[in-house]
Participant: 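Can you keep this structure in mind? I'll have questions shortly.
Values reported hereafter were calculated over all heavy atoms of this structure, with side chains retained and with hydrogens, waters and symmetry mates removed.
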There are 2 protein chains.
Amino acid sequence: MTSHTSQFKHSVHPVAAADVAAFDHETDVLVVGYGCAGAAAALEASAAGAQVTILERASGPGGSSALSGGEIYLGGGTPIQSACGFTDTAEDMATYLIHALGPNADEEKIRLYSEQSTAHYDWLVARGVPFKGSLWDNPTWVPPTDDGLMWMGESAWPYNELAAPAARGHRVQSDGFGGKVLMDELTSSVTTETSTEVHTDTRALRLVVDDTGRVCGVIARRFGTDHAYRARLGVVLTTGGFVDNDAMLEQHAPELLGKGKVSNGGDDGLGIVMAQAARAAVRRMSTGQVGIQTIPGFMARGMVVNGYGQRFINEDVYPGLVGIEALFRQDMRVWVVLDEQAYEQVPEDERWGLLPTYAAETVADLEKQMGLPENSLQHTVAEYNRHAGNGEDPWFHKSARWLRPLQSPFAAIDVRLGMAAPEGGVTGGDGAAVFTLGGLVTDVDGRVYDLDGAVLPGLYAAGRASSGLHGGGYISGTSLGPGTFFGRRAGRAAATRE
Amino acid sequence: MTSHTSQFKHSVHPVAAADVAAFDHETDVLVVGYGCAGAAAALEASAAGAQVTILERASGPGGSSALSGGEIYLGGGTPIQSACGFTDTAEDMATYLIHALGPNADEEKIRLYSEQSTAHYDWLVARGVPFKGSLWDNPTWVPPTDDGLMWMGESAWPYNELAAPAARGHRVQSDGFGGKVLMDELTSSVTTETSTEVHTDTRALRLVVDDTGRVCGVIARRFGTDHAYRARLGVVLTTGGFVDNDAMLEQHAPELLGKGKVSNGGDDGLGIVMAQAARAAVRRMSTGQVGIQTIPGFMARGMVVNGYGQRFINEDVYPGLVGIEALFRQDMRVWVVLDEQAYEQVPEDERWGLLPTYAAETVADLEKQMGLPENSLQHTVAEYNRHAGNGEDPWFHKSARWLRPLQSPFAAIDVRLGMAAPEGGVTGGDGAAVFTLGGLVTDVDGRVYDLDGAVLPGLYAAGRASSGLHGGGYISGTSLGPGTFFGRRAGRAAATRE
């Protein structure tokens, strides 16, 4: 692939309104993409009195949101937190996010999101989104129960010294992944609460811009026919990221190439690029979330080492942060090292079929099997064990809860081999399941900014099409949470033409 | 700084040719920026028969090129290489660059540059650029002599196993930094060989685009007055990178914020952004070169460790590659650890006034002073010493030339403190001097590509305004070398309207 490969089969350049012979459809607010951010934008724009049409390229709503675990990062004292015995403040929540999503996180967005988090919880509940007031108190990607609250690394060092720890991972009550339940409730609210028109199988291709430079519609294709949509008030792009577009990854985030893709297949970045073609600015296009394909309970109870047998992080941080370090700083050359006791302590149904790649009676033998330098892993385990008995980890400050000298027999899991997927088979993806975090430059009301640093009139964005709270880090729940929160704000801003 | 801060005080949006009342100046090829790429473009466009005008925002030519060390990466068997006893092939040169500038380097550009490298050497020499046929055979940023050839990490592992090592760092003969000599010769060639007009103190602000979408000029400001320039054949942007624009760094490469800037102060990214406003595509905007502010001879003879006392790279690679690892993967929390013998082996005039931050009789004491975990550096030095006596480094494969057990007394240099600058004082910059590598998407003839993946008619780019050979890595000499090489190709392509 050369760097100047065309990314799309049609032109993404905007169309002048004067060149549109006639608009086939007209509405107040046109929402492009019917995932969580699109649903939230439609609900709020409708609540503000606007007529709304949603365009969705798939045959039904959901997007990548519906395939997600259903985690929503909320705090500051929600009823679910109270039921689980946590007190929390918006300030602590913001401080945690600024550091865990950093470096270089968007403090303005984080502070607003944290301050209005309990109100956003209420809004979700009023839409029928269910949360159960019980805590799942073990490291995991998704709880095997329907518990409504989980830790997202808040109690790990150094975050526990910066802000009072409280569990803030609100997980939509469900049997398994909760994204589908969230989207069912949001789309059902769109249907019952609003008169929103939903046009499925309709893929937006280009923006329409009027002679004042205002975005006033889109050209969209449905079953091979192009339709012109006019938006009297604004267009809200909630089209997702670009993990499914390898040409864009090669351009902006080549580390993510060849990894597993967390998406519904439609995250091709077209919404981002069609806005860029109207001179919208983008930011942080190189960043991504990295779901390291291993079991968080194994990592916390054992250790994670790189290709030199060196630890590089406290293994009880949110596992996505281990993944980001593993991919961007260790080229995914990482192993989970543990002992039999640690392996057995994770219940079988939480192991996702993951078996040790190597097993050995001694660390020296394990080290040799793993192809590490002699006396590398041996030193790491010896130092770990020397302090673990005292509940200490002077190197990386893992919590005493997880510290115990590792004992023979030992095992190591090569993360690059991936793990068994829920539907059977192995996830592959070189040990990482990723999606992109970069996107359009927006303010807290979803207004898109252009290359002059000025508002691009008529255009709004939310969800993964926009650059959100994130700097270099990612915590689960910061896609669905801010996606719905800033989706709502974008919908309201578009409806009121703010 | 918020993410939507305006970057420039004027609009960067292109101006329609129809809105230009009258053009104040007209030429065939308009070159914007008079550094090495601009000079090369002007020379080659003129040689192809085009009338050329160069716009330069400063009061004279040179740009950041004139402040550089004057290293030009050339190989495949140049006369200088032959004089120093090296045989070399374009294939070995390309293989080295693909790996040293990677991952994800631009193989097409690298192969062409390598294949035509000896011819490009001849072209430079014909322009009067002097090279001396002698080798400086020690690690350094810039030789303290006027030797014309230096190693750029070619003999370090793993590169020495991938391609036959040959020194390829051609350094313009000079007393000190050679960039000034290079620019003097190139600008003198422009003056004597061509009828190029040079308009200094003239800053291009916006592109002019005709009604077919072709770039046909620029609007430029000179002493507060705007001038319209028409380019009958093409505009070549050689405006440099964006390290001087903190808003752009915050958007795309936040790791580079707060570091020392390698530039003449004019690398504000305006050329890139004005092209983006005409729908040009960019790539790899997050990447950068990192000049680690320490002495390569200290690193090679000692070791570089991170905040956990761990080595992370063989210290005899090109020092810029140590810098890139140090900044992007170790947050610049790095130290050079060495012993008295290693310190003394670097002649005083090559130490740039750098003094140890810590000194100690034992590694245990040094480790404590450095604030590292107990038994971290001790283990690292013990393992290093255990093998160094045999000329081996099973961890990182540093060359036997640099391996020797380190002996008391020991010292450590905190890289973040920077080093003494040539003009006195300390460089600061948190231990790193950086510039950006991302920019406009171009093909090997400098044609700029738009967001559709199509050629943007009339627009060309070279030098740091474009994304060049680089993936994640950087080797000195790959700015001036490809800058002049692809600058020449862009100038010719523009002149012949290819």
Side-chain angles (χ1 to χ4, degrees), chain A residues 2-8 10-13 103-104 106 108-109 213 247 250-255 257 273-274 276-277 279 281-287 308 310-312 328-331 373-376 379 382-383 386 394-396 441-443 447 449-455 467 471-472, chain B residues 2-8 10-13 103-104 106 108-109 213 247 250-255 257 273-274 276-277 279 281-287 308 310-312 328-331 373-376 379 382-383 386 394-396 441-443 447 449-455 467 471-472:
Chain A
T2 64
S3 58
H4 38 85
T5 305
S6 174
Q7 295 160 23
F8 304 104
H10 64 279
S11 174
V12 297
H13 293 187
N104 310 302
D106 188 322
E108 186 186 6
K109 282 181 180 164
E250 197 277 340
Q251 254 184 294
H252 304 299
E255 293 88 349
L257 280 170
V273 179
M274 76 170 82
Q276 284 188 282
R279 305 201 175 96
V282 295
R283 71 199 286 270
R284 306 290 168 82
M285 293 291 275
S286 62
T287 57
Y308 306 102
Q310 301 163 332
R311 288 174 74 207
F312 53 90
F328 288 102
R329 298 190 167 201
Q330 307 290 348
D331 305 314
E374 183 209 341
N375 206 19
S376 58
H379 169 74
E383 281 302 299
R386 184 158 74 92
W395 290 63
F396 295 94
V441 176
T442 55
D443 68 10
R447 295 183 195 90
Y449 281 72
D450 74 7
L451 292 164
D452 279 340
V455 167
S467 172
Chain B
T2 63
S3 57
H4 40 84
T5 305
S6 174
Q7 294 161 23
F8 304 104
H10 64 279
S11 174
V12 297
H13 293 187
N104 311 301
D106 188 321
E108 187 187 4
K109 283 181 179 165
E250 197 275 341
Q251 255 183 295
H252 304 298
E255 293 88 349
L257 280 169
V273 180
M274 76 171 82
Q276 284 188 280
R279 304 201 177 96
V282 295
R283 70 198 287 269
R284 307 291 167 82
M285 294 292 275
S286 62
T287 58
Y308 305 102
Q310 300 162 333
R311 287 174 74 207
F312 54 90
F328 288 102
R329 298 190 167 199
Q330 307 289 348
D331 306 314
E374 184 208 341
N375 206 19
S376 57
H379 168 73
E383 282 302 301
R386 184 158 74 91
W395 290 62
F396 295 94
V441 175
T442 54
D443 67 12
R447 294 183 197 91
Y449 281 72
D450 75 5
L451 292 164
D452 280 340
V455 168
S467 172

Participant: Is chain B contacted by the side chain of R279(A), its backbone, both, or neither, given a heavy-atom distance below 4.5 Å?
Facilitator: side chain
Participant: Quick one: which of S286(A), A277(A), P394(A) has the most heavy-atom pairs under 4.5 Å with chain B, could you say?
Facilitator: A277(A)
Participant: For R329(A), which residues count as a side chain to side chain contact (heavy atoms under 4.5 Å, CB included) partner, sequence neighbours excluded?
Facilitator: E325(A), R329(B), D331(B)
Participant: At what distance, to the nearest 0.5 angstrom, does CG of L451(B) lie from CE of M274(A)?
Facilitator: 12.0 Å
Participant: Just to verify, what does H379(B) make a side-chain hydrogen bond (donor to acceptor under 3.5 Å, both in side chains) with, not counting sequence neighbours?
Facilitator: H379(A)
Participant: Chain B heavy atoms under 4.5 Å from F328(A): which part of the residue, side chain, backbone, both or neither?
Facilitator: backbone
Participant: Rounded to the nearest 0.5 Å, how far apart are OH of Y449(B) and CD of Q251(A)?
Facilitator: 12.5 Å
Participant: Quick check: does any side chain N or O of Q276(B) sit under 3.5 Å from a backbone N or O of Q276(A), one acting as donor and the other as acceptor?
Facilitator: no
Participant: With side chains defined as the heavy atoms from C-beta onward, is the minimum distance between N375(A) and R386(B) less than 4.5 Å?
Facilitator: yes
Participant: Please report the shortest heavy-atom distance between F396(A) and Y308(B), naming the atom on each side.
Facilitator: CE2-CZ, 3.1 Å
Participant: Is there side-chain contact between E374(A) and E383(B), with at least one heavy-atom pair below 4.5 Å?
Facilitator: no
Participant: In the structure I gave you, are the side-chain heavy atoms of V282(A) and M285(B) within less than 4.5 Å of one another anywhere?
Facilitator: no
Participant: Tell me, side chain or backbone of S376(A) under 4.5 Å from chain B's heavy atoms, or both, or neither?
Facilitator: both
Participant: Considering only heavy atoms from C-beta outward, does the side chain of P254(A) approach that of R284(B) to under 4.5 Å?
Facilitator: yes
Participant: Output yes when a side-chain donor or acceptor of E250(B) lies under 3.5 Å from a complementary backbone atom of R283(A), and no otherwise.
Facilitator: no
